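Keep in mind that what you see is a predicted model, and the values were worked out from it rather than measured. Quick note on labels: first sequence line is chain A, next is B, and so on, each numbered from 1. Quick note: numbers below take in every heavy atom, side chains included, and nothing from hydrogens, waters or symmetry partners.
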Amino acid sequence: MSSIETSGLTKKFGNLTAVDSADLEIETGEIFGLLGPNGAGKTTTIKMLVTLLKPTSGTAKVNGFDIEKQAEDVRRSVGVVFQDPSLDTVLTGRENMELHARLYGVGRETRRKRIDELLALMDLQARADDVVKHYSGGMRRRLELARGLLHHPAVLFLDEPTLGLDPQTRELTWKYIKTISEQEQTTVVLTTHYMDEADAVCGRIGIIDHGRVVALDTPADLKHRLGGDLVCLKLSRPDPSLLSGLSYIKEAKVSDGQLALTVEDAAAHLPEMLSMLRDVTSVEVRTPTLNDVFLKYTGRQIREEEGGAGWQEAAMRHALGGG
Amino acid sequence: MGNLQGLYGIWLREFKVFQRERSRVISSMVTPLMFIVLLGGGLGSTVDLGSLGGGFGYQTFIFPGILLMLTMMGSIFFGLYIVWDRRIDVLKEVLVSPVSRTAIFFGKVLGGCTDVLIQVCILLCIGILFVPTTPASVAGSLVVALLVAIGMVALGLSIGSLFESLEGFQVIVSFLVYPLFFLSGALFPLDPLPAWLKTASYLDPLTYAVDALRSIQLGIPPSIPLGVDFLVMAAFAAGMVLLGTLGFRRMR
C-alpha cells in the first residue's frame with residue numbers, strides 16, 4: 001500500500017516554479033530520501049505534503065488522505081521535524097514535549113512514559129527542565145527530533161534532521177529512525193545534505209532539481225546507472241580521444257586537468273588502459289558514490305557547509321528572537 | 001476531545017510565557033500607572049469636572065477609562081503578538097498539528113484573556129487606594145474587562161493572522177488603537193462633546209465599556225442604559241470571535 005501519492009504536484013511562487021508537477025509514490029514503511037541542491041524544492045514539497053502550503057495545482061494523498069480536502073486527517077497522520085527550529089524557547093524541553101503531546105491528543109499515561117523514553121534516547125534528561133533558550137544548537141535539534149517522534153506518526157517528515165548534530169548523535173538518530181520504520185511501519189521521508197547517510201539509510205532516493213524529480217531509484221541502482229567505476233588519471237596531456245575505441249569505457253572527459261573516465265569493471269581493465277597511455281603520474285579508481293550520482297543529475301556537487309550555514313543562521317535568528 | 005486537550009495545551013503555553021516574561025507584564029502596568037499618577041495628577045490640578053465627574057477628582061474620574069486602556073491595549077497587543085510567534089516559527093508546530101484552527105484560536109483568546117484579567121486585577125487592587133471599591137464593583141468591572149478582552153484579543157489575532165511581518169504594526173497602533181482609545185471617552189465625559197465627536201464616539205464599541213465601568217465603579221449615571229452597554233460589548237466580542245475564527249481557518 002502506498003503511504004504517499006502525488007500526481008502533478010506543483011507550486012509556483014510568482015514566476016518561479018518551486019515544484020514542477022512532481023509524481024511520487026512512497027510505500028508504507030519505506031525510508032525515502034529527497035535529495036537536491038539548495039532551492040531545488042525539497043522543503044516546498046514537504047510543506048505541501050504536511051498541509052502548510054497550498055499546491056498551485058496537482059494533488060497528493062498522505063496516509064490515504066487528500067492534502068487539501070482532508071487536511072486535518074493528514075495532520076493527524078504526520079510528524080514533522082522542520083529545517084528551521086520551531087521550538088518554544090520560553091518553555092523547557094519537557095514542556096515543549098508536553099505541549100506537543102497535548103496537540104496530538106496523546107493520553108497522560110503514554111505521554112509521561114514516552115516523553116521520558118525519548119528524552120533519554122536523545123540524551124536530554126539532565127536538561128529536560130531547563131528553558132530551551134539556554135540549550136545549545138545540537139540540543140535543540142535533538143529535542144525537535146524527540147518531539148517529532150512523540151506521537152507515533154504514520155508518516156514522519158524529516159527536513160535535514162541531522163544537521164548540526166555531532167557524529168555519535170547522528171548515528172544514534174538514524175538507528176532510531178530505522179528501528180521505528182521497521183517496528184512500527186512508519187514511513188519516513190527525509191532530506192539531507194549528507195550523501196553517505198542517505199545511502200546507508202534510505203530504501204529509495206528521489207533526486208530533485210529545479211523543482212523536477214530527475215531520478216528515482218534505490219541507492220544501489222542509482223549508482224549502477226552510472227555504468228561503472230570511476231577512474232581518474234593524471235597525465236601531462238589529458239585528452240579523451242586517447243582511449244577511444246575501448247568498449248568498456250562508458251564516458252570520458254577532462255575535469256580539473258585530469259582524465260575522468262567511467263569504466264566497466266575497472267580492476268580488470270586498468271592494465272590495458274595504462275599500457276595505452278604514457279606518462280601517467282597518478283591513478284585513482286573508486287566505485288561511484290551517491291555524490292557522483294547527484295553530480296550527474298544536477299551538475300552540481302552537494303556541499304555540506306551550505307546547509308550547515310543555513311541552519312546555523314536559522315538557529316541564530318531563533319535564539320535572538322526567543323531571547 | 002483532542003481539540004480540547006490541544007486548546008488546553010495552547011492556553012497553558014500562553015500562561016507559562018506570561019509567568020516567565022515578567023518584564024512584559026511590568027512594562028504593561030507602567031503605562032496605565034503613569035496615566036493615573038502623572039496625567040491624572042497634572043490635569044487634575046486644573047480641571048474640575050464638577051457634577052459631570054460625579055463629584056470625584058479628575059484622577060479618580062479617569063480610573064475606569066485607564067482600566068479600559070490597560071484591558072484594550074494588553075488584549076490587542078497580545079493578539080498581534082501572533083505575528084511574532086509566526087516569525088520565529090513557534091506557531092508552525094501548532095499549525096501543523098491536528099488541532100483545529102478554531103481550537104487554536106480559542107486557546108489563544110483564553111490565554112490572552114487570562115493575562116489581561118490578571119493585570120486588571122492588579123490595577124483594581126491599586127484602585128482601592130482612591131476609588132470606592134466593593135465586591136460588586138470588582139465583579140462588574142471584571143465582567144466588562146472580560147468582554148472587552150475577548151473582543152480585542154480576537155481583533156488582534158484576526159489582524160495578526162493576515163500579516164507575516166510586524167511592519168504594519170505602527171499603522172495599526174496609529175489608525176486603530178489610538179482612535180479606539182481616545183474616542184471611548186476614557187479621559188473625558190461624553191456629554192459636553194460637540195455633535196461630530198459624540199457621533200464618532202458612539203461608533204466606538206469601547207465607549208460602551210467606559211460608560212458601564214464609570215457607572216459600576218463611581219456610580220456616575222450612565223449616558224447609555226447599562227443593558228445597551230452590555231449588549232453592545234457582547235455583540236462586539238461575538239463579532240470579533242467570529243471574524244477571528246474565519247481568519248484562522250484560512251491561515252496556513
Taking everything shown except [X] itself, do over 12 heavy atoms lie less than 6.0 Å from its [atom1]?
{"X": "A:K61", "atom1": "NZ", "result": "no"}
{"X": "B:F130", "atom1": "CZ", "result": "yes"}
{"X": "A:F13", "atom1": "CZ", "result": "yes"}

Which region of [X], side chain (C-beta onward) or backbone (N, CA, C, O), has a non-hydrogen atom less than 4.5 Å from a non-hydrogen atom of chain B, or is it both or neither?
{"X": "A:H151", "value": "neither"}
{"X": "A:V50", "value": "both"}
{"X": "A:V106", "value": "backbone"}

Side-chain donor or acceptor of A:R102 paired with backbone N/O of B:Q5 under 3.5 Å | no

Ignoring hydrogens and angles, tell me if any N or O in the side chain of B:R13 forms a donor-acceptor pair with the backbone of A:L99 under 3.5 Å.
-> no

Kindly determine whether B:I10 and A:L103 satisfy side-chain contact (heavy atoms from CB on, under 4.5 Å), including the steps that lead there.
-> CA-CA 8 Å; B:I10 292 164; A:L103 292 174; 4.0 Å; yes

Gap between atom CG of A:D88 and atom CD1 of B:I88 - 0.5 Å precision | 7.0 Å

Residue part contacting chain A, namely of B:L91, when any heavy atom lies under 4.5 Å | neither

What are the two closest non-hydrogen atoms of [X] and [Y], and how far apart are they?
{"X": "B:L95", "Y": "A:L52", "value": "CB-CD2, 4.1 Å"}
{"X": "B:S97", "Y": "A:Y104", "value": "CA-OH, 3.5 Å"}
{"X": "A:T92", "Y": "B:R20", "value": "N-NH1, 3.9 Å"}
{"X": "B:V96", "Y": "A:R75", "value": "O-CD, 3.1 Å"}

Please examine the side chains of B:K16 and A:L91, heavy atoms only from C-beta on, and report whether any two atoms are closer than 4.5 Å.
-> yes

